[in-house]
Amino acid sequence: MADNMTLEFILRIFVAALLGGAIGLEREYRSKEAGFRTHFLVALGSALFMIVSQWGFSEVLNSGLTVRLDPSRVAAQVVSGIGFIGAGTIMIQKHAVRGLTTAAGVWVTAAIGLACGAGMYLLSAASTLLVLFGLEAMNLFLHRMNSNKRKEDNDPESAESD
């Protein structure tokens, strides 16, 4: 039984690391502050925290002592703690805020890792696909909007005359 659980736990951290790494590759490709390694480690660490939170205290629970544990407490602390890493990716330059999307990506990567750690593979995979879709679709949309705006700004017929 313990060997099967250990293999399941290893699968959970592998899936978390792969999904987090996929998001990190997109960020790396875009030359953002937090890339592959950061997202890979955040997802893997979050999954491991969740596994330890859910299963790491089974000896205490089986000892016969009256003990009450709340596995969600560790997950809540991951959510709080990840804010410090995300805050490190946010910079203010020339009155412009940069890095918010990357910080949000690190935050959602931690959530995906927690879900993998809980064994919610389908939810984790779907969330990863949605994150990648959102990052790529928004990037394409914004580039098209900017190129259309530049064309309008450079078109003498569209300029208003005084």
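For the numbers below, each heavy atom of this structure counts, side chains included, while hydrogens, waters and symmetry mates do not.
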* If Ile, Leu, Val, Met, Phe, Trp and Tyr residues are connected whenever their side-chain heavy atoms lie under 4.5 Å apart, and connections chain through other members, are Val78 and Leu44 in the same group? -> no

* Nearest heavy-atom pair of His39 and Thr109: which atoms, and what distance? -> CD2-OG1, 3.1 Å

* To do: State whether the number of non-hydrogen atoms from other residues, nucleotides or ligands found under 6.0 Å of Leu122 atom CG is greater than 12.
  => no

* **Within-4.5 Å side-chain heavy-atom neighbours: Trp107 and Val79** => yes

* **Minimum heavy-atom distance Leu114-Met50, with the two atoms named** => O-CG, 3.5 Å

* Asked: Taking it one step at a time, do Tyr121 and Arg12 satisfy side chain to side chain contact (heavy atoms under 4.5 Å, CB included)?
  -> CA-CA 8 Å; Tyr121 301 117; Arg12 290 178 185 192; 3.0 Å; yes

* **Atom of Leu48, atom of Ile13 and distance for their closest heavy-atom approach** => N-CG2, 4.1 Å

* Structure fact -> To the nearest 0.5 Å, atom CD of Glu26 lies from atom OG1 of Thr128 at 12.5 Å

* Hey, does the side chain of Ser124 reach the backbone of Cys116 with a donor-acceptor pair shorter than 3.5 angstrom? -> yes

* To do: For Phe49 and Val74, work out which heavy atoms get closest and say how close.
  => O-CG1, 3.6 Å

* Pairwise distance CG(Leu130) to CD1(Ile112) - rounded to 0.5 angstrom -> 9.0 Å

* Asked: Where is the tightest heavy-atom contact between Leu132 and Ala22, given as atom of each residue plus distance?
  -> CD2-O, 3.8 Å

* Structure fact -> What one should report as the nearest heavy-atom pair of Ala43 and Gly20 is CB-CA, 3.7 Å

* Arg27 and Thr102: side chain donor to acceptor below 3.5 Å -> yes

* To do: State, with a plain yes or no, whether a side-chain heavy atom of Asn4 is found less than 4.5 Å away from one of Glu8.
  => no

* Measure the shortest side-chain to side-chain distance between Ile82 and Ile85 over non-hydrogen atoms and say whether it is less than 4.5 angstrom. => yes

* Asked: For the hydrophobic clusters of this structure (ILVMFWY residues joined by side-chain heavy atoms under 4.5 Å, transitively), does one cluster hold both Met138 and Met145?
  -> yes

* Asked: When you look at CZ of Arg30, are more than 12 heavy atoms from neighbouring residues, nucleotides or ligands closer to it than 6.0 Å?
  -> yes

* **Any Val15 side-chain heavy atom under 4.5 Å of Leu19 side chain** => yes

* Asked: How many angstroms lie between atom CG of Leu25 and atom CZ of Arg37, to the nearest 0.5 angstrom?
  -> 12.5 Å

